[in-house]
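Contents: one structure, followed by commentary.
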Amino acid sequence: MTGTTEKTGTPSGTTTDRPGLIDARPVRHPGRWVALAVIVVLIGMMVNSFLTNERWNFPKALEIMQQTPVIEGLWKGTIIGTVGSMLIGIVGGILIAVLRLSHNPVLRGVSFVYTWFFRGIPRLVLLAMMGSGVGYLYSSLDFGVPFGHQLASFLGLPSNFTFFTLNVNQFSSTLIAGIIGLGLSEAAYMAEIARAGILSVDKGQAEAAAALGMDRGKAMRRIVLPQAMRVIVPPTGNETIAMVKDTSLLSAIPVITELFYQTSAIGTRTLLIMPAFVAVTAWYLIVGSVLMVGQYFLERRFGRGFGTPSNKRFARPAGAGGA
């Protein structure tokens, strides 16, 4: 980089040296071109293997994607399972996060134990326990007055104060049990995400709400949570996409109306293992891509007013002069 120096005069008659035009040359980056060439070669090799290896059998994979059991497993097991689990997880996570931030030590302790327990258990193990272990421990659940059996026995009453009884063995092998299991596990993770979002809001916002006469619950709903959504939405989108993939664990319940289970069954029955894997991979990629688009627009919605748009980052303020 070279330049010239020219002398200029000042009102006092003295001369100062100021730099002239700079002949700047861009810095060479040969490593970038080498890396680009390596990446292009690798991509070409992968594409060539896809097109020349007949064992991929993409036409058969497309046929498997359109079969009725696969579509049913996609809607019932994957999509409905994801929506139900995330509803339980988000609502439960927000409640647990509020308890973690409570001034009551008992509530804080209960929320901490809940988070510790469900974050420490793998979801596959949790679903397997709900599918078989819970039914073995409790074949039926009675809903009614607490300690109704003991009270009726002690008082000699014929009624045990039970309103209705749930057959756990029939319930534990259904999609609802899987949704509850995944939702309880997700609530532990969403609690930490919601807590981080709530803590990101300045304390002065809650103090201003209290000065306006709002109680703590109303301030949380109307002031704190809307501002915390900017921090909560991105990791919640990641958790939703992860939940789409975790619905493949519903086979531990066992739930057979699920996408991965149905494609695996077709692959095993027809001995077309790789086309079945390609089919289920394609469906997961499609659902994940749709969710990523939705996450993008949600981030834009809740991120309004924060940061500067990229196309205006270097814009000159109105009325500012320039040389």
Side-chain angles (χ1 to χ4, degrees), residues 84-130 133-134 137-138 141-151 154 161-163 166 168 172 176-240 242-243 246 249 302 306:
S85 301
M86 289 306 300
L87 284 176
I88 296 176
I90 292 173
V91 175
I94 292 175
L95 292 177
I96 296 170
V98 172
L99 295 181
R100 284 290 300 273
L101 299 174
S102 173
H103 299 297
N104 190 321
V106 176
L107 297 180
R108 290 200 308 268
V110 171
S111 61
F112 172 79
V113 171
Y114 180 94
T115 305
W116 163 78
F117 180 79
F118 282 100
R119 288 176 66 185
I121 299 180
R123 288 180 176 176
L124 180 61
V125 177
L126 178 62
L127 292 177
M129 290 176 58
M130 293 193 64
V134 175
L137 294 174
Y138 307 99
L141 290 178
D142 296 331
F143 293 88
V145 178
F147 305 104
H149 290 275
Q150 290 79 0
L151 289 175
F154 177 76
F161 304 104
T162 299
F163 301 145
L166 175 65
V168 178
S172 60
I176 297 178
I179 290 176
I180 293 176
L182 290 176
L184 293 176
S185 176
E186 183 62 32
Y189 293 92
M190 285 302 305
E192 295 302 295
I193 295 174
R195 186 167 68 95
I198 294 173
L199 292 177
S200 68
V201 180
D202 189 85
K203 293 183 179 180
Q205 299 291 321
E207 295 174 356
L212 292 175
M214 294 185 181
D215 56 28
R216 193 178 181 189
K218 188 175 182 180
M220 181 66 67
R221 296 191 306 271
R222 301 289 298 275
I223 304 298
V224 178
L225 283 179
Q227 298 184 60
M229 290 300 294
R230 178 179 62 92
V231 178
I232 294 175
V233 166
T236 302
N238 294 336
E239 289 294 319
T240 304
M243 183 60 70
D246 286 342
L249 303 175
F302 290 103
F306 293 90

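Values below: all heavy atoms of this structure, side chains included; hydrogens, waters and symmetry mates excluded.
Side-chain atoms of S111 come within 3.5 Å of backbone atoms of R108 as a donor-acceptor pair (strictly under, hydrogens ignored).
Note that the CE atom of M86 and the CD atom of E239 stand 6.5 Å from one another [nearest 0.5 Å]. Note that CD1 of I96 and CE of M190 are 10.5 Å apart. Values are rounded to the nearest 0.5 Å. Put simply, CG on L137 and CE on M129 are 8.0 Å apart, with the number rounded to the nearest 0.5 Å. Within the model, atoms CG of L127 and CG of L184 stand 10.0 Å from one another, a figure rounded to the nearest 0.5 Å. Considering CD1 of I179 and CG of L87, their distance stands at 9.5 Å, rounded to 0.5 Å. Summarising the geometry, atom CD1 belonging to I88 is positioned 11.0 Å from atom CD belonging to E186; distances are rounded to the nearest 0.5 Å.
For I176, the CD1 atom sits in a loose shell: 12 or fewer heavy atoms of surrounding residues, nucleotides or ligands are nearer than 6.0 Å. Under a cut-off of 6.0 angstrom, the local environment of CE in M229 is crowded, with over 12 non-hydrogen atoms contributed by other residues, nucleotides or ligands.
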- Evaluate side-chain contact (heavy atoms from CB on, under 4.5 Å) for L99 paired with V110, printing each intermediate quantity in order. CA-CA 8 Å; L99 295 181; V110 171; 5.6 Å; no
- Carefully, step by step, assess V201 and I223 under the rule side-chain contact (heavy atoms from CB on, under 4.5 Å). CA-CA 9 Å; V201 180; I223 304 298; 6.0 Å; no
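In terms of heavy atoms, A191 sits closest to T115 at CB-OG1, 4.4 Å. Across all non-hydrogen atoms, the minimal contact from Y189 to R123 is CD1-NH2, 3.7 Å. Here the shortest heavy-atom pairing between P226 and F302 reads O-CD2, 4.4 Å. Scanning both residues, T236 and I193, for their nearest heavy atoms gives OG1-CG2, 4.1 Å. Residues F118 and A188 share a closest heavy-atom pair of CB-CB, 3.8 Å. Taking each heavy atom of L126 and S185 in turn, the nearest pair found is CD2-CB, 3.9 Å.
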